[in-house]
Amino acid sequence: MTDPNPQAPASDFIRDRIRADLEAGRVQQVVTRFPPEPNGYLHIGHAKAITLSFSVAKEFGGRCNLRLDDTNPAAEDQEYVDAIKADVRWLGFEWDAIYYAADYFEQIYAWAEVLVQKGLAYVDDQTAEQIAATRGTLTQPGTPSPCRDRPSPANLDLLRRMKAGEFADGEKVLRAKIDMAHPNLNMRDPVMYRIRHLHHQRTGDAWCIYPMYDWAHGQCDSIEGITHSLCTLEFEHHRPLYDWFCDNIGIYRPQQIEFARLNVEYMLTSKRKLLLLVEGGHVDGWDDPRLPTLRGLRRRGVPPQALVAFCKHVGVAKFNSTHEIGLFEYFVRDWLNKHAARRMAVLDPIQLVIDNWPRGADGQPIVEMVEAQNNPEDPTAGARQVPFSGELLIERDDFMEAPPKDFFRLAPGREVRLRYGYFVTCTGVDKDAAGNLVAVRCSYDPATKGGNAPDGRKVKATIHWVSKVHAIDAEVHLLEHLFTAADPAGADGGDFLKLLNPNSRRVVRGKLEPSLGAATAGDRFQFERLGYFCRDAADGQGAPRFLRTVSLKDSWQKAQQKGGAPKGTGPTGKPAGKKG
RNA sequence: UACCCCGUGGUGUAAUCGGUAGCACAGCAGGUUUUGGUCCUGUUGGUUCCUGGUUCGAGUCCAGGCGGGGUAACCA
């Protein structure tokens with residue numbers, strides 16, 4: 001929906017192939033699946049895989065399953081199963097069926113006996129170390145196990161005893177008998193079953209032998225009638241094995257098609273590295289808003305629609321590419337611009353006093369309500385009332401005592417518009433003994449209520465504000481990239497922990513317009529002229545917390561930086577441009 | 001130094017049966033604007049990795065190079 005070219009039918013090598021299969025009658029109905037292992041949380045890379053498999057099925061009138069690939073109880077947990085389901089749904093996808101690899105354990109085992117009986121699998125007594133040592137290397141063939149020619153009946157007996165729990169962990173494995181000299185190492189008698197006396201979150205203690213990925217995945221796909229088994233490039237070398245198992249068991253063989261995984265600048269999408277960040281305490285947890293986990297992105301306020309639009313836009317190919325972070329941000333802003341309600345917030349306040357503003361009998365400035373549109377992009381979003389008075393807070397950045405010629409915000413003698421309020425002209429400044437700016441003094445034009453001058457005169461700038469006495473406090477997190485390098489995994493010898501951005505989260509005390517006090521967790525807003533912010537579920541010290549999802553484009557700051565202005569960012573500033 | 005995959009403007013990604021390169025983002029320049037946002041318009045970038053070959057014609061086919069990525073868990 002936010003894809004700039006939604007009409008254009010998606011075209012890529014996978015869809016081309018599916019189309020061809022359909023036209024040739026090789027496939028009646030497309031069936032795909034998303035098969036995560038429940039041993040961690042989903043991240044933006046998974047979002048691409050999910051979007052692909054679910055979209056492809058939908059486009060061709062097919063089905064898509066969610067399958068939990070739970071063949072290794074040592075690493076998996078029910079908590080992850082629940083999280084995965086929630087995250088897929090958050091993205092907006094619904095599976096036609098949900099399956100678990102563990103539910104196929106009985107069938108998979110039966111097929112193992114078939115292979116043993118056909119003389120295509122054998123029980124190996126060697127240790128893991130011995131098996132690794134005899135596998136050979138990338139350039140040298142492996143050497144056969146002494147058990148390789150064990151007769152089929154003996155193998156069958158041993159396999160049954162393995163299953164019955166007669167052996168200890170690691171004592172024996174079942175191996176496929178293929179080719180120890182095969183150039184593809186995966187074909188050098190791969191392990192099919194290993195012994196693990198472990199409790200499985202789904203099958204309990206029913207099993208003590210668990211199938212390896214290769215000895216399960218293809219059969220799971222086959223059982224479910226998957227037509228196109230889409231996976232990432234690193235599984236390319238596994239395809240011959242995938243095919244070999246299906247063919248030698250004699251079952252339907254789905255076609256595995258590999259595509260390049262998603263890479264985005266400044267983001268890490270490796271379970272292992274993400275785990276290091278979380279367990280090392282470098283981030284607050286799996287839902288830290290600076291993480292590219294789906295939970296982190298959600299907490300940060302990234303709309304799932306934007307994420308999906310991004311995933312669709314990047315397309316699918318076999319080329320290992322890295323997308324600019326700017327493209328991701330474009331889709332986030334694009335959706336938020338149309339859907340997020342506008343509010344005013346001042347993150348680095350300086351006082352603005354209107355000297356000619358009327359005062360009441362008590363001597364205090366009177367309060368007037370002004371009407372503000374909730375979203376100029378969406379007339380149906382309505383309007384709200386915002387309290388305006390003679391003592392306001394404005395952004396420190398919006399005033400300069402000695403402005404350069406291209407600065408057209410507030411400055412001595414200058415007139416600007418206070419958004420939805422009045423035109424004000426700066427008449428002077430107040431400073432403390434040390435010479436620090438304390439307040440900007442202005443006079444206002446009563447005829448410009450709402451922000452329009454009856455005489456038609458123009459101002460060059462509109463600035464946002466909040467009423468000093470009405471503003472509510474907030475803890476605002478200005479989030480930037482977690483890393484200082486676009487490719488944290490590849491730069492600096494791969495030690496990405498050295499590349500953590502010390503400014504990835506700057507916490508400031510902001511002043512918000514009163515209506516924001518009613519915001520609840522997950523609510524997204526555009527703080528006018530600043531960026532998009534999301535109300536966090538957790539709160540700061542007694543004040544609501546808002547996280548910056550992404551800043552607004554800022555051509556003023558960009559021009560400043562280009563003009564050789566001091567680098568870095570001010571308290572309300574946006575992230576500095578890309579390094580090198 | 002084995003095997004597999006890949007190589008189109010800054011970044012990605014398109015281009016029906018081979019007919020002379022499109023789109024998005026980014027960049028630049030204008031316009032509009034009660035957000036220096038949005039929106040609109042225009043525009044700069046590509047010897048389609050190289051070299052040969054087939055062909056009237058190749059980004060698309062062939063051969064050979066070069067470059068990049070992947071692969072040696074009883075992980076997935």
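Just so it is clear: chains get the letters A, B, ... in the order the sequence lines come, proteins before strands, and each one is counted from 1. Quick caveat: nothing in here was measured; it's all calculated off a predicted structure.
Donor-acceptor pairing under 3.5 Å is lacking for the side chains of A:Q256 and A:D221. In this model, no donor atom of one side chain and acceptor atom of the other lie less than 3.5 Å apart for A:Q201 and A:Y80. A:R417 and A:T448 share no donor-acceptor pair across their side chains, judged by distance under 3.5 Å alone.
A tilted orientation is assigned to the rings of A:F331 and A:H313, their planes being inclined by 30° to 60°. Using cut-offs of 30° and 60° for the angle between ring planes, the A:H46 and A:H43 rings count as tilted.
Counting heavy atoms from C-beta outward, A:I44 and A:F328 have side chains that approach closer than 4.5 Å. Using a 4.5 Å cut-off on side-chain heavy atoms (C-beta onward), A:L262 and A:H323 make contact.
Between B:U51 and B:A15, the distance separating the two P atoms is 25 Å to the nearest Å. One P atom belongs to B:G46, the other to B:C4, and the distance between them is 36 Å to the nearest Å. A distance of about 22 Å separates the C1' atoms of B:G70 and B:U13, rounded to the whole Å. The separation of B:G37 from B:U32, taken at their P atoms, amounts to 14 Å, rounded to a whole angstrom. When the P atom is compared between B:C39 and B:A58, the two are found 41 Å apart, to the nearest whole Å. Between B:U11 and B:U1, the distance separating the two C1' atoms is 34 Å to the nearest Å. B:G9 sits 6 Å from B:G45 when the C1' atoms are compared, rounded to a whole Å. Atom name C1', nucleotides B:A29 and B:G22: the rounded distance is 23 Å, in whole Å.
Across all strands shown, A:V316 has heavy atoms under 4.0 Å from sugar-phosphate atoms exclusively, and none from any base.
Proximity of the aromatic rings of A:F235 and A:H217 is defined here by a centroid distance below 6.0 angstrom, and this criterion is not met. Taking the six-membered ring where the residue is Trp, the centroids of A:F533 and A:F546 are separated by 6.0 Å or more.
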- prompt: Going 5' to 3' along nucleotides 66-76 of chain B, which nucleotides have protein heavy atoms under 4.0 Å from the base (write B), which only from the sugar-phosphate (write S), and which from neither (write -)?
  reply: ---SBBBSBSB

- line: Given protein heavy atoms under 4.0 Å, the one-letter contact record of nucleotides 35-49 of chain B, with B base, S sugar-phosphate only and - none, is simply BBBB-----------

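The distance between atom CZ of A:F259 and atom C1' of B:C6, rounded to the nearest whole Å, is 16 Å. What separates NZ of A:K312 from C1' of B:G12 is a distance of 18 Å, to the nearest Å. One atom, NZ of A:K318, and another, C1' of B:G12, lie 18 Å apart when rounded to the nearest Å. The separation between A:R261 atom CZ and B:G12 atom C1' is 18 Å, rounded to whole Å. Between the CG atom of A:L262 and the P atom of B:U11 there is a distance of 17 Å, given to the nearest Å. When the C1' atom of B:G27 is taken as reference, atom CD of A:Q561 falls 15 Å away, rounded to whole Å. Spacing between atom CG of A:L52 and atom P of B:U13 amounts to 13 Å, rounded to whole angstrom units.
Atom CD1 of residue A:I50 and atom CZ of residue A:F34 lie 4.0 Å apart, to the nearest 0.5 angstrom. Note that NE2 of A:H197 is 9.5 Å distant from CZ of A:F167, once rounded to the nearest 0.5 Å.
Between A:K458 and A:T139, the one whose closest nucleotide on RNA chain B sits nearer the 5' end is A:T139.
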task: Treat a base pair as Watson-Crick or G-U wobble with both distances under 3.5 Å, then lay out RNA chain B in dot-bracket form, 5' to 3', with | for cross-strand pairs.
output: .((((((..((((........)))).(((((.......))))).....(((((.......))))))))))).....

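A donor-acceptor distance shorter than 3.5 angstrom exists from the side chain of A:R194 to the backbone of A:P211, with no hydrogens or angles considered.
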